[in-house]
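Basis for what follows: all heavy atoms, side chains included, without hydrogens, waters or symmetry-related copies. Order of the sequence lines fixes the chain letters, A, B, ..., with proteins taken first and strands second; residue numbering starts at 1 for each chain.
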Amino acid sequence: MRESAAAPELNNPRNLFATPSNHYHQGGRSMPTDIRIENIADYVGQEVTIKGWLYNRTDKGRLQFLQVRDGTGIVQVVAFQKEVAPEVFADIGRLTQESSLIVTGIVRADERAPGVPGGYELSLTGLQIVQIAEEYPITLKEHGIEFLMEHRHLWIRSSRQWAILRIRATIIKAIRDWFDNHGFILMDTPILTPAACEGTTTLFATDYFGTPAYLSQSGQLYNEANIMAFGKVYCFGPTFRAEKSKTRRHIMEFWMVEPEMAYVDLNGCMEVGEQLVSYIVQQVLEKRGPELQLIERDTSKLERIVPPFPRISYDQAVEMINELGHDQGVSIEWGDDFGAPQETLLSEHFEKPVFVHHYPTAVKAFYMAQEPDRPETCKSVDLLAPEGYGEIIGGGERSPDIEFLEEQIRRHNLPRAAYEWYLDLRRYGSVPHSGFGLGVERTVAWICGLHHIRETIPFPRLLGRIYP
RNA sequence: AGCGAGGUAGCUCAAUUGGUAGAGUGGCCGGCUGUUAACCGGUUGGUUGUGGGUUCGAAGCCCACCCUCGCUGCCA
């Protein structure tokens, strides 16, 4: 279903730019309708107005093709010299790349017309130039990544980046819809925090009126408090990691959704994960077909993403890695956490995301519940995306046992006082519970089939880059 | 943070052994009635990252510094 089919454009005041005196519209007809390009199929045969920017222009002499984008799509506008007013045709010749303009024309279905969605074009009847853009730095030719990152504020206009960020928005909407429709309630957790949640990674420090504070690296501990009040909750916000990671999988500021559920065990946790991830992928397939086509994503690989997902134990994963990785020199010893090569190897082996559960207790966070029969393993789970994309979910069942947690806090050298409220949760009605974190940018990278995470967010914060 | 690669026209890159710094693209001018990053002709375009050194001569060789990219570790 399209969001606003033929509904009037509520957020698009008709006379924002256009005025009768400088509008080339030929009199006699009714006023053209303001539309957005994503809805163009509903207006075949009608005269419409589109407000946007010039993406590209092909000058054929007495015939001009304009590629106009309006934020919702790209449409081809066609103008034959003999069919438009002389002053309009002269104005077309002045248009530079990214000039802002308001075009009016008759919508026509034509298979030759490129664009998003393609197949429709506008026969120009009127043109109003809003601004002639200065020489635009980003051409349709190839550019290096350094140049593009330096111009990220303009790069997001390019069709590929635009499509990726539209898919990102759909992924985020799917996440929120799924939780809202499955008994979860949104609980925002603080971004300014007094101490490390897990104490294992580097935090961005800031000053909180004279006392040190840190930017949140997870809302989980607060969510453990929230579930005792609300049952099933999720938080969704930015997360900050000051690790000096410089890989295609890392950014310093990323978005993470973290569900937490009372009275749910490790298996229930995996069930929620596979239902959520499947829903996200299917929503993107349904809502963002043209964008997926534009970025040339192989959608057959996404169509397979339906429950159930394979589940293997860490023990089995270690065996698989040592078998599969034999030729490539990839191996692992029981007790070690997976590195990038091990994760890639595993995730390339499955067509669907794969759960790996029961990691060694020693490599996971202090709050993970131990497996009673095998305390050297814990009720943790990661979800590895296919095609070599690696970890997109990390989580598991939390320990409800106050004595175990007190010992873990000591063992990890965490400041006991900062966790006193957390220990309270085990004093007053402690219950089995679990949860996980899903990294939005890694999910976008996988669904879009991207080489690097920097293209999954409008303005990525990378090691050594905070501009623009 | 460790290892590796690189910085030349607005952009993407080339320049043999140290010997006149070039192409494509963009911009500009002209041509073309179905282009898909259009095409064709002409034209414009340089403090070779910065500072020092070697040399008759340095984009290239030496020293120092700055910046970027890739991989790894850490993790989502």
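Contact annotation: side chain of A/Arg465 to base of B/rC69, donor-acceptor pair absent below 3.5 Å. With hydrogens and angles ignored, no donor-acceptor pair closer than 3.5 Å exists between the side chain of A/Arg249 and the base of B/rG70. Residue-to-nucleotide contacts include no donor-acceptor pair under 3.5 Å from the side chain of A/His143 to the base of B/rC11. No N or O donor and acceptor, one from the side chain of A/Thr247 and one from the base of B/rC71, sit under 3.5 Å apart. Within 3.5 Å, no donor on the side chain of A/Gln64 pairs with an acceptor on the base of B/rG34, nor the reverse.
As judged by a 4.0 angstrom heavy-atom cut-off over every strand, A/Ile393 is placed among residues touching the sugar-phosphate backbone only. At the heavy-atom level, A/Glu150 lies nowhere under 4.0 Å from the strands shown. At a threshold of 4.0 angstrom between heavy atoms, the contacts of A/Gly115 with the nucleic acid are absent. At a threshold of 4.0 angstrom between heavy atoms, the contacts of A/Phe147 are confined to the sugar-phosphate backbone, with no base atom among them. In this structure, A/Pro137 reaches neither bases nor backbone, as no heavy-atom distance under 4.0 Å exists between it and the strands shown. Residue A/Gly339 is classed as a sugar-phosphate contact, given heavy-atom separations below 4.0 Å to backbone atoms only. Using a 4.0 Å heavy-atom criterion, one finds that A/Arg454 contacts the sugar-phosphate atoms exclusively. Residue-level contact check: A/Arg160 touches neither bases nor backbone, having no heavy atom under 4.0 Å from any strand. In this structure, A/His151 reaches neither bases nor backbone, as no heavy-atom distance under 4.0 Å exists between it and the strands shown.
Ranking B/rU33, B/rG34, B/rC74 by closeness to the A/Asp110 side chain, first place goes to B/rG34. Here the side chain of A/Glu146 is nearest to one of B/rA1, B/rA76, B/rU68, namely B/rU68.
In A/Gln328, the CD atom is crowded: over 12 heavy atoms of neighbouring residues, nucleotides or ligands sit closer than 6.0 Å. When the shell of 6.0 Å around NE2 of A/His349 is examined, it contains 12 or fewer heavy atoms from other residues, nucleotides or ligands.
At a threshold of 4.0 Å, the pair A/Arg461-A/Glu253 does not count as salt-bridged, since none of the basic side-chain nitrogens sits closer than that to a carboxylate oxygen. Ionic pairing of A/Arg168 and A/Glu441 is present here: one or more N-O contacts between side-chain nitrogen and carboxylate oxygen are shorter than 4.0 angstrom.
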Report task. In sequence, state the C-alpha distance, the side-chain angles, and the governing distance for A/Tyr419 and A/Phe366, and then conclude on ring pair (Phe, Tyr, Trp, His ring centres under 6.0 Å). Result -> CA-CA 12 Å; A/Tyr419 290 88; A/Phe366 77 93; 5.5 Å; yes
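Between the side-chain ring of A/Phe65 and the base of B/rG34, no stacking contact exists by the 5.5 Å and 30° definition.
Side-chain contact of A/Gln161 with A/Arg152: a donor-acceptor pair under 3.5 Å is present, judged by distance alone.
Comparing the same atom, C1', in B/rG26 and in B/rC63 gives a spacing of 38 Å after rounding to whole Å. Here the separation of B/rC67 from B/rG24, taken at their C1' atoms, is 26 Å to the nearest Å.
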So which protein N/O to nucleotides 21-31 of chain B N/O distances come out below 3.5 Å?
none

